[in-house]
Amino acid sequence: MNQPTRPLPADLPGHVRHYIDGALVDSADGATFDVLDPVTNEAYTRAAAGKAADVDAAVAAARKAFTDGPWPRMLPRERSRVLHRIADIVESRDARLAELESFDSGLPITQALGQARRAAENFRFFADLVVAQTDDAFKVPGRQLNYVNRKPIGVAGLITPWNTPFMLESWKLAPALATGNTVVLKPAEFTPLSASLWAGIFEEAGLPAGVFNLVNGLGEEAGDALVKHPDVPLISFTGESATGQLIFANAAPHLKGLSMELGGKSPAIVFADADLESAIDATIFGVFSLNGERCTAGSRILVERAVYDEFVERYAAQAARVRVGYPHDPATEVGALVHPEHFAKVMEYVELGKGEGRLVAGGGRPEGFETGNFVAPTVFADVPRDAKIFQEEIFGPVVAITPFDTEAEALELANGVRYGLAAYVWTNDLRRAHTFSQSVEAGMVWLNSNNVRDLRTPFGGVKASGLGHEGGYRSIDFYTHQQAVHVTLGAAHHPTFGKGA
Ligand code: NAD
């Protein structure tokens, strides 16, 4: 089948540059790298390839804005106003943002639009939170008053992945800026396009020059230089667990503050008493939305034996109807994977799965998509617990289904991987829902629900899925020092030394 002609976004930049100290600049050595369109895999633009010299310049600008500029010294209400203006601008450009994001990343346009709105909401949320922020104060009557003096830390290094680029950048930028830090952002090299819009948005909203800096480039060059920079005391990283381990080691000599949001292989556990219709709808969405390129994807579905055959049959039939299409098409449910390298990795797992489980849907390219990074929603049933497709993060539209007989076995299967990001439990038994949540090794649990986040709750994983938590007050804590100030009231109390005879 021939594909119809695709509309391209208007005004695609011929060149994506860094943004340092309020100016768009090229790399010091002039180096660039190709950025590919995931539908054709052709380069549609080039981006500046930052290295240590560019990171040095960005950190110097951020450092100066922190030590000499107004931003860290402004009242929370003043910073909050700027953040609300940022949210307003993002909201007003949601269609353009979604168009560029979808084009660059291959995400379906409707889902990219949802992510753009979430990005605006992140700014609004932290704009409100810093104004409402209270800090601890403790009084010992008549003797002592102790209070917390909360202070921004300095230059925050923010390193982000390609799966929902703009939204994940906002998730770090909003709390880092709200608390008065200055930042250097290193976005993912596969998807630099939407990040290039931040500079204009921030300028328009009135963020002082030097507070936000952006360096494009490869992880092992620009990212590495940021992690190892002595003037960057904080690194907030989202990406693969293996990259997180490397960053942890590279940051160790500097004793940096680290927040790590890493990979996942999250289980959805479906008990026989669950509302099967809802469980199927939610677990289809849970692994195939965002092209399956979702850290919290429920990519392992554990189903109680009594409903297993029915579940697999209905699930496979519905998965086969999930609509793969061009990212720009509003009817598309699964678009194109971000990059040919990632596509090759996902396809390797699809082939591997054919030997490890029973293929019941998908299993390769969808019909009519002979080129580009398209993968048919793929379902494997009867997947044993030692299978690679059960153990390893695939990060694509591929799911493993496994039966269980008892609650204890379900728990053992759920916990039997190195990751621990999310878990989804489907049951109408109240006791079981809560006791299972207590025992499952996951940073976040959803009961009879998809991944619906409340921005006030902690976000983060256990085991190989992460270190530390962001979300709500946890983000404020990560981006600030809490200095304890102790004040004597009345007479000073202390043992007296050196006054003996
Ligand atoms: P990745 O680890 O390859 O890259 C992430 C970022 O790190 C990129 O900007 C990259 O350039 C940079 N980087 C790579 N090597 C580096 C180094 N040595 N030093 C410093 N920076 C370096 O991850 P990815 O492929 O872009 O993203 C997919 C991964 O992200 C998946 O594992 C997914 O689960 C995870 N993820 C996790 C969450 C979460 O919140 N837990 C959210 C989204 C994605």
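Numbering of ligands and ligand atoms starts at 1, following listing order.
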From [atom], work out which of [options] has a heavy atom at the shortest distance.
atom                    : options                : answer
atom 20 (C) of ligand 1 : G223, P161, P192       : G223
atom 17 (C) of ligand 1 : G219, A225, G443, G466 : G219
atom 23 (O) of ligand 1 : M167, E240, M260       : E240

Is the NZ or CZ atom of R300 positioned over F390's six-membered ring, under 6.0 angstrom from the centre and within 45° of the axis?
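Ring-cation test returns yes.
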Look at the aromatic rings of Y315 and F288 and report parallel, tilted or perpendicular, splitting at 30° and 60°.
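If you compare the ring of Y315 with that of F288, the planes turn out tilted.
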Is the count of non-hydrogen atoms from other residues, nucleotides or ligands lying under 6.0 Å from [X] atom [atom1] greater than 12?
X    : atom1 : answer
R453 : CZ    : yes
F248 : CZ    : no
R456 : CZ    : no

Which of the numbered atoms in ligand 1 are below 4.0 angstrom from a heavy atom of [X]?
X    : result
W162 : 24 (P), 25 (O), 26 (O), 27 (O)
N163 : 43 (C), 44 (C)
L168 : 43 (C)
F459 : 40 (O)
T238 : 5 (C), 36 (N), 37 (C), 38 (C), 39 (C), 40 (O), 42 (C), 43 (C), 44 (C)
T243 : 1 (P), 2 (O), 3 (O), 13 (N), 14 (C), 15 (N), 16 (C), 22 (C)

What do we get for [X] next to ligand 1 when only non-hydrogen atoms under 4.0 Å count, side chain, backbone, both or neither?
X    : answer
L226 : neither
F190 : neither
E393 : side chain
N250 : neither
I247 : side chain
P187 : backbone

Sub-4.0 Å protein heavy atom near atom 41 (N) of ligand 1:
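Answer yes: something from the protein, a heavy atom, is under 4.0 Å.
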Looking only at protein heavy atoms, identify the closest one to atom 36 (N) of ligand 1 and say how far it is in Å.
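Checking every protein heavy atom, the shortest distance to atom 36 (N) of ligand 1 gives C295 CB, 3.5 Å.
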Specify the protein heavy atom at minimum distance from atom 11 (O) of ligand 1: its residue, its atom name, and the distance to 0.1 Å.
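Result: E189 OE1, 2.5 Å.
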Looking only at N/O atoms, are T160 and ligand 1 under 3.5 Å apart anywhere?
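For ligand 1, there is an N or O atom that lies under 3.5 Å from one belonging to T160.
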Presence of salt bridge, R96 and E99, under 4.0 angstrom:
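Judged by the 4.0 Å cut-off on N to carboxylate O distance, E99 and R96 do form a salt bridge.
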SB check K354 E351 (cutoff 4.0 Å):
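Yes, this pair counts.
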State yes or no: are the ring centers of W171 and F478 separated by less than 6.0 Å?
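Judged by ring-centre distance (under 6.0 Å), W171 and F478 do not meet the cut-off.
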